[in-house]
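Below, each value reflects all heavy atoms present in this structure, side chains not excepted, and no hydrogens, waters or symmetry copies. All chains are named by letter (A, B, ...) in the order of the sequence lines, taking the proteins before the strands, and each is independently numbered beginning at 1.
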Number of protein chains: 2
Amino acid sequence: MAIEPNPEAVILTEIMLAVFRVNGRLLEKGDQLVEPLNLTSARWQVLGAVALAEKPLSAPQIAEAMGITRQGAQKQLNKLEEDGFFEQSLNPRHQRSPLYALTELGNCTFAKVMTLEAIWANGLVAGLSLQDLRKTLQTLNSIYERLDFPVPRKGGRS
Amino acid sequence: MAIEPNPEAVILTEIMLAVFRVNGRLLEKGDQLVEPLNLTSARWQVLGAVALAEKPLSAPQIAEAMGITRQGAQKQLNKLEEDGFFEQSLNPRHQRSPLYALTELGNCTFAKVMTLEAIWANGLVAGLSLQDLRKTLQTLNSIYERLDFPVPRKGGRS
DNA sequence: TAAACATTGACAACTGGTTTTCAATGGTGG
DNA sequence: CCACCATTGAAAACCAGTTGTCAATGTTTA
């Protein structure tokens with residue numbers, strides 16, 4: 001009657017709980033890290049998406065890069081533009097959908113964030129082995145890929 | 001001028017991004033998994049907290065067990081009680097703060113969730129090595145502990 | 001070219017968290 | 001006993017995301 005999870009599944013479940021905890025703490029610490037720059041973790045991520053692309057992007061492109069919905073990205077963009085981190089330019093390919101580029105302030109702020117992040121991460125890894133970290137990254141990526149498969153559904157033969 | 005992140009810090013940063021991605025996907029899949037039972041990932045977690053305690057808990061106790069604020073837990077509890085998963089009983093230690101216990105429906109539903117989760121996790125780990133999973137769990141826990149330390153702040157000697 | 005379809009921004013409502021405030025309870029020290 | 005302080009539930013405002021709808025704009029195709 002009762003399904004017996006095999007040993008690997010038990011550890012996997014513990015990993016899931018650990019991911020939840022680490023995720024929460026990362027957002028919390030990330031907010032603290034960039035708070036002096038008038039940013040949050042969410043706003044930081046938007047800056048990063050455009051900085052990484054190294055060219056202006058439209059709102060839907062930014063959403064895609066971030067893995068969130070276009071409406072979610074738009075909300076942040078509107079606020080970030082208000083605060084002077086982004087400026088719009090005309091999109092030759094779509095009149096109603098402007099491109100967003102980092103302003104001087106945006107670029108300068110993101111550079112500061114990268115420095116802060118590097119200092120923070122350097123302090124955080126003290127004593128962790130490169131090999132363990134590589135293995136962990138590999139395993140997490142592997143789990144992520146497996147999560148692509150649909151969840152088993154009652155009678156789900158499709 | 002530019003801070004150079006050491007190789008460990010680079011991998012750690014990639015692990016952070018992986019944690020964000022896995023976290024998002026886990027919530028998504030968790031929602032799908034328990035949706036037929038009129039639950040969500042968040043509601044599932046509340047059931048789990050009380051089921052694990054094996055005795056009725058007050059709202060603040062549940063919040064503490066879940067690592068969220070008491071107001072956040074209360075919101076879920078109110079809905080879960082409405083839906084028949086929990087019932088209140090008088091708290092001898094506090095007249096205004098009832099204890100929440102799983103109802104028959106609550107217990108039965110949580111048992112089903114555990115079965116679904118076991119099947120899902122069993123399918124998910126196929127081909128992953130127990131040793132790698134253990135190492136990953138260990139590393140994540142280690143990172144979590146290090147995240148306890150406050151973020152480095154400009155001039156933060158306190 | 002015109003009709004059909006897809007993309008887009010704005011807006012509203014929702015989920016699941018947070019913080020803040022307030023009044024009611026509970027405990028403790030004088 | 002009572003004044004003070006901590007805990008608690010309720011409510012409101014907020015953050016960060018979601019879904020859904022609508023009208024405007026692009027694109028494709030018949």
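Remark: Arg21(A) pairs with no residue by the salt bridge (Lys or Arg N to Asp or Glu O under 4.0 Å) rule, at least two apart or across chains. Residues meeting the salt bridge (Lys or Arg N to Asp or Glu O under 4.0 Å) test with Arg70(A), sequence neighbours left out: none. The salt bridge (Lys or Arg N to Asp or Glu O under 4.0 Å) search around Lys29(A) returns none, not counting sequence neighbours. With sequence neighbours left out, the salt bridge (Lys or Arg N to Asp or Glu O under 4.0 Å) criterion links Lys75(A) to no other residue.
The interatomic distance linking Leu39(B) (CG) with dG16(C) (P) rounds to 10 Å, in whole Å. If you take CD1 of Ile68(A) and C1' of dG16(C), they are 16 Å apart, rounded to a whole angstrom. In this structure, Leu90(B) places its CG atom 16 Å from P of dT8(D), rounding to the nearest Å.
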Problem set entry | Reading 5' to 3' through nucleotides 21-29 of chain C, protein heavy-atom contacts under 4.0 Å coded B for base, S for sugar-phosphate only, - for none | --BBSS---

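Contacts between residues 72-84 of chain A and DNA chain D, defined by a heavy-atom separation below 4.0 Å, involve Gly72(A), Lys75(A), Gln76(A), Lys79(A), listed by number. Listed by residue number, there are no residues of residues 20-29 of chain A with a heavy-atom contact under 4.0 Å to DNA chain C. Only Ala59(A), Pro60(A), listed by number, bring a heavy atom of residues 56-66 of chain A to less than 4.0 angstrom from any atom of DNA chain C.
Judged by distance alone, the side chains of Asn78(A) and Gln74(A) do bring a donor and an acceptor atom under 3.5 Å apart. In this structure, a donor-acceptor pair under 3.5 Å is present between the side chains of Ser41(A) and Asp31(A).
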For this session: Could you walk me through whether Ile15(A) and Val22(B) pass side-chain contact (heavy atoms from CB on, under 4.5 Å), step by step?
Result: CA-CA 11 Å; Ile15(A) 289 176; Val22(B) 171; over 6 Å; no

For this session: Walk me through it: do Leu39(B) and Phe85(B) pass the test side-chain contact (heavy atoms from CB on, under 4.5 Å)?
Result: CA-CA 10 Å; Leu39(B) 287 180; Phe85(B) 294 104; 4.0 Å; yes

For this session: Apply side-chain contact (heavy atoms from CB on, under 4.5 Å) to Arg43(B) and Val34(B), showing your working.
Result: CA-CA 9 Å; Arg43(B) 289 154 67 90; Val34(B) 299; over 6 Å; no

For this session: Please step through side-chain hydrogen bond (donor to acceptor under 3.5 Å, both in side chains) for the pair Asn141(B) and Glu145(B), ending with a clear verdict.
Result: CA-CA 6 Å; Asn141(B) 283 333; Glu145(B) 280 161 29; over 6 Å; no

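Sorted pairs that involve residues 89-98 of chain B and meet side chain to side chain donor-acceptor pair (under 3.5 Å), not counting sequence neighbours, are lacking altogether. The salt bridge (Lys or Arg N to Asp or Glu O under 4.0 Å) analysis of residues 124-134 of chain A, with sequence neighbours excluded, yields the pairs Asp132(A)-Lys135(B). Applying the side chain to side chain donor-acceptor pair (under 3.5 Å) test to residues at least two apart or on different chains, the pairs with a partner in residues 51-61 of chain B are Ser58(B)-Gln61(B).
In the hydrophobic cluster analysis, where Ile, Leu, Val, Met, Phe, Trp and Tyr join through side-chain heavy atoms closer than 4.5 angstrom, Phe149(B) is grouped apart from Leu140(B).
Here Thr69(B) lies in heavy-atom contact (under 4.0 Å) with a base. Ser41(A) comes within 4.0 angstrom of no nucleic acid atom, judged by non-hydrogen atoms across all strands.
Overall bending of the helix from dT1(C)-dA30(D) to dG30(C)-dC1(D), expressed as the angle between end axes built from five pairs apiece, is 10° (10° steps).
Atom CD of Gln71(A) has more than 12 neighbouring heavy atoms from other residues, nucleotides or ligands inside a 6.0 Å radius.
Rounding to the nearest 0.5 angstrom, the gap separating the CG atom in Leu80(B) from the CG atom in Leu47(B) is 6.0 Å.
For Thr40(A), a side-chain nitrogen or oxygen approaches OP1 or OP2 of dA16(D) to under 4.0 Å.
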